[in-house]
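A, B, ... follow the sequence lines: proteins, then strands. Residue 1 opens every chain.
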2 protein chains.
Amino acid sequence: MGSPGSGGRGPAHTLDLLWGTVRPGRRGPRGGLSVEAVVRAAMDLADAEGLAAVSMRRVAESLDVTTMSLYRYVPGKDDLCDLMLDAASGTPDTAGWPDDWRGALEHLARDMRTVFRRRPWVLEIPISGPPLGPNNLAWMEAGLAAMRNTALDTGERIRLLMLLTGHVRSEGQRDLSMERAGARTGVAPQEWGRVYGEMLGRVLADDRFPTLARHVREGMFDSPPEADPDEDFEAGLALLLDGVEALLTRRAGAGRADG
Amino acid sequence: MGSPGSGGRGPAHTLDLLWGTVRPGRRGPRGGLSVEAVVRAAMDLADAEGLAAVSMRRVAESLDVTTMSLYRYVPGKDDLCDLMLDAASGTPDTAGWPDDWRGALEHLARDMRTVFRRRPWVLEIPISGPPLGPNNLAWMEAGLAAMRNTALDTGERIRLLMLLTGHVRSEGQRDLSMERAGARTGVAPQEWGRVYGEMLGRVLADDRFPTLARHVREGMFDSPPEADPDEDFEAGLALLLDGVEALLTRRAGAGRADG
DNA sequence: CCCAAACCGTGTACGTCGTATACTCAGGTG
DNA sequence: CACCTGAGTATACGACGTACACGGTTTGGG
């Protein structure tokens with residue numbers, strides 16, 4: 001029996017929150033807080049102590065209010081996380097980006113990566129749906145603008161964008177997991193190296209992994225695994241964009257040959 | 001002051017759990033449970049009600065024991081999740097895979113995808129480090145074997161494997177988020193379409209998104225977004241492997257020209 | 001001008017979670 | 001046999017998200 005039509009607590013209200021278009025209500029006292037203040041407090045907490053430290057209680061405590069008062073501004077923790085995600089994404093700075101699609105997309109990917117490196121907790125937020133917030137859409141806008149002069153159709157452009165963000169997120173999550181692997185036990189490096197060594201021993205002793213064992217014997221893991229995450233990231237990015245370039249030249253050739 | 005040398009509760013013990021090499025202890029009564037039984041019960045729960053339903057209490061309840069007795073077999077919930085991840089990954093069936101690297105890698109990627117589709121909760125487990133379990137290593141073995149006849153060096157092979165699993169995971173997580181977006185509200189489709197429509201209206205009314213607005217006006221979102229996840233998956237996979245192929249032909253050409 | 005509606009912030013409470021701690025009791029080993 | 005080891009239990013603590021009912025303040029409509 002909620003008031004019909006008006007955005008009750010459905011996803012439409014979440015949209016209003018994301019876009020900062022909540023009509024403030026005409027009656028009653030002016031609130032001392034605001035959605036932005038709540039989100040900022042939560043982000044400060046996440047920056048300082050990680051996403052796991054972000055609880056409704058602790059956010060409220062950092063704002064000197066009661067836990068439940070947060071629910072006047074935010075429907076629940078899931079929505080708060082969505083708001084944090086969009087706020088933390090920020091807006092891409094396309095000023096220095098080149099005009100060619102490949103250079104621009106490389107900048108896009110690297111800038112997204114720096115966002116995730118500055119705020120690793122963004123990668124821990126479970127994405128709850130397609131991008132709806134203005135900041136996430138701004139990144140989409142930048143990506144689509146970067147491809148404006150390519151021979152890709154709309155579906156391909158979006159797919160490529162999703163593929164790129166997927167790659168950035170994957171690499172970021174891998175970096176994160178490596179850090180977590182260290183933080184799990186107190187003294188990270190030598191203990192972890194010992195575990196890795198024991199694992200390699202098991203691989204060598206087991207006949208289920210002949211190829212892996214051969215690579216191990218050839219020194220595959222002599223350096224710590226994933227020594228340079230940036231190199232992995234760049235290599236994957238290059239591979240991806242090489243694939244796009246191959247598609248474009250193939251298409252241009254076909255266009256010249258067929259029509 | 002714990003017994004030195006022997007794996008107390010460190011990550012070395014987790015390795016023993018993953019590989020099923022826990023020495024059972026010589027004194028005392030034989031336990032009615034086992035690590036495998038605990039992991040299987042947890043997996044059954046996750047299969048039936050999702051990862052969120054997997055709590056130590058509910059796993060214990062399904063085994064007709066008290067909560068704390070689980071800690072005799074598993075150090076904690078994080079490790080239990082790691083065990084679930086490796087167990088759910090299973091072993092790749094490489095019987096029908098072709099000999100050429102591209103076909104084999106395509107099979108690898110698709111088979112990984114079906115694993116995630118059968119057990120979507122695997123994607124919700126936060127990965128805590130490099131793959132250490134025998135099943136995950138079996139997938140790695142299969143991937144390395146698929147590339148045995150390529151001109152890629154070891155580092156490139158591993159990178160490509162990581163890139164592939166990253167792609168599979170990304171697409172799986174996207175599928176999952178789409179399902180969750182529906183489950184968040186009761187009646188999914190039309191309500192969600194309404195939200196999407198409103199978002200598009202905002203995009204059109206806002207001058208920050210000219211390119212996006214143009215694509216929208218050209219009918220970009222007339223069909224529901226991400227209509228065919230498999231198509232997205234396959235396109236991304238093809239792009240990736242095209243990139244690899246370009247690298248290989250480039251390298252072969254250079255080899256013919258330079259040496 | 002005044003009352004009632006709207007709304008902010010609070011206090012309390014419930015059910016759930018992971019797990020630390022201290023215990024009882026059965027079973028194999030010296 | 002005595003004994004120690006280890007399985008399973010009972011209890012408890014602190015934290016979590018959030019439903020609910022309540023006072024206090026502001027403002028619009030009559």
Side-chain angles (χ1 to χ4, degrees), chain A residues 1-3 6-9 13 22-38 41-42 45-46 49-84 124-126 128 184, chain B residues 2-3 6-9 13 16 22-38 41-42 45-46 49-84 124-126 128 184:
Chain A
M1 294 214 187
S3 51
S6 88
R9 284 301 181 273
H13 186 236
V22 273
R23 38 192 174 348
R26 324 216 51 76
R27 295 263 248 269
R30 289 286 161 265
L33 266 54
S34 67
V35 187
E36 292 84 18
V38 172
L45 236 168
E49 304 183 46
L51 191 67
V54 177
S55 71
M56 300 303 264
R57 273 176 242 264
R58 294 208 51 192
V59 171
E61 179 186 350
S62 86
L63 288 167
D64 275 315
V65 285
T66 327
T67 308
M68 290 314 292
S69 73
L70 298 185
Y71 288 86
R72 294 279 167 197
Y73 299 89
V74 160
K77 200 198 177 180
D78 291 356
D79 301 76
L80 175 57
C81 283
D82 288 351
L83 295 175
M84 291 171 69
E124 299 184 63
I125 299 178
S128 60
R184 186 103 149 233
Chain B
S3 51
S6 88
R9 284 301 181 274
H13 185 236
D16 278 327
V22 274
R23 35 190 176 347
R26 324 213 53 74
R27 295 262 246 267
R30 288 285 163 267
L33 264 55
S34 67
V35 187
E36 292 82 20
V38 172
L45 236 168
E49 304 183 46
L51 191 66
V54 177
S55 70
M56 300 302 266
R57 272 175 244 263
R58 294 208 51 190
V59 171
E61 178 187 348
S62 86
L63 288 167
D64 274 314
V65 285
T66 48
T67 308
M68 291 313 294
S69 72
L70 298 185
Y71 289 88
R72 292 280 165 197
Y73 298 90
V74 159
K77 201 198 176 181
D78 291 356
D79 301 76
L80 174 57
C81 283
D82 288 351
L83 295 174
M84 290 170 71
E124 299 185 63
I125 299 177
S128 59
R184 187 104 147 231

Quick one: [X] [atom1] to [N] [atom2], roughly how many Å, whole number?
X	N	atom1	atom2	value
B:E49	C:dC17	CD	P	11 Å
A:Y71	D:dC20	OH	C1'	13 Å
B:L45	C:dT16	CG	C1'	15 Å
B:L51	C:dC17	CG	C1'	14 Å
A:D64	C:dT10	CG	C1'	14 Å
B:M56	D:dT9	CE	C1'	15 Å
A:R57	C:dG11	CZ	C1'	12 Å
A:L63	C:dC8	CG	C1'	15 Å

State whether [X] places a side-chain N or O below 4.0 Å from either non-bridging phosphate oxygen (OP1 or OP2) of [N].
X	N	answer
B:T66	D:dG8	no
A:Y73	C:dG9	yes
A:S55	D:dC16	yes

inquiry  = Quick one, A:L45 and A:R58 - any side-chain contact, counting heavy atoms below 4.5 Å?
reply    = yes
task = Report yes if some heavy atom in the side chain of B:M84 is under 4.5 Å from a heavy atom in the side chain of B:L51; otherwise report no.
result =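 Yes, close enough: below the 4.5 Å cut-off.
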ask   = When rounded to the nearest 0.5 angstrom, what is the spacing between CZ in B:R57 and CG in B:L70?
value =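 If we round to the nearest 0.5 Å, B:R57:CZ and B:L70:CG are 11.0 Å apart.
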inquiry  = For D:dG8, does the base pair up with any side-chain atom of B:R72 as donor and acceptor (N or O, under 3.5 Å, distance only)?
reply    = yes
query = When only distance counts, do a donor and an acceptor, one from the side chain of B:R30 and one from the base of C:dG28, lie under 3.5 Å apart?
reply = no
Compare the minimum distances between each of [options] and the side chain of [X], then state the nucleotide with the smallest one.
X	options	result
A:P29	C:dT10, D:dG24, C:dG18	D:dG24
A:L33	C:dG9, D:dT18, D:dT27	C:dG9
A:R27	C:dA6, D:dT18, D:dA12	C:dA6
A:K77	D:dG17, C:dA5, C:dT19	D:dG17

task = Using the side-chain hydrogen bond (donor to acceptor under 3.5 Å, both in side chains) rule, take B:S128 and B:D78 through it: C-alpha gap first, then chi angles, then the decisive distance, then the call.
result = CA-CA 9 Å; B:S128 59; B:D78 291 356; over 6 Å; no
request  = Could you say whether A:M68 or A:R58 is positioned toward the 5' end of DNA chain D, judged by the nucleotide with the nearest heavy atom to each?
outcome  = A:R58
message = Can a donor-acceptor pair be found, under 3.5 Å and without considering hydrogens, that links the side chain of A:S34 to the backbone of A:A37?
response = yes
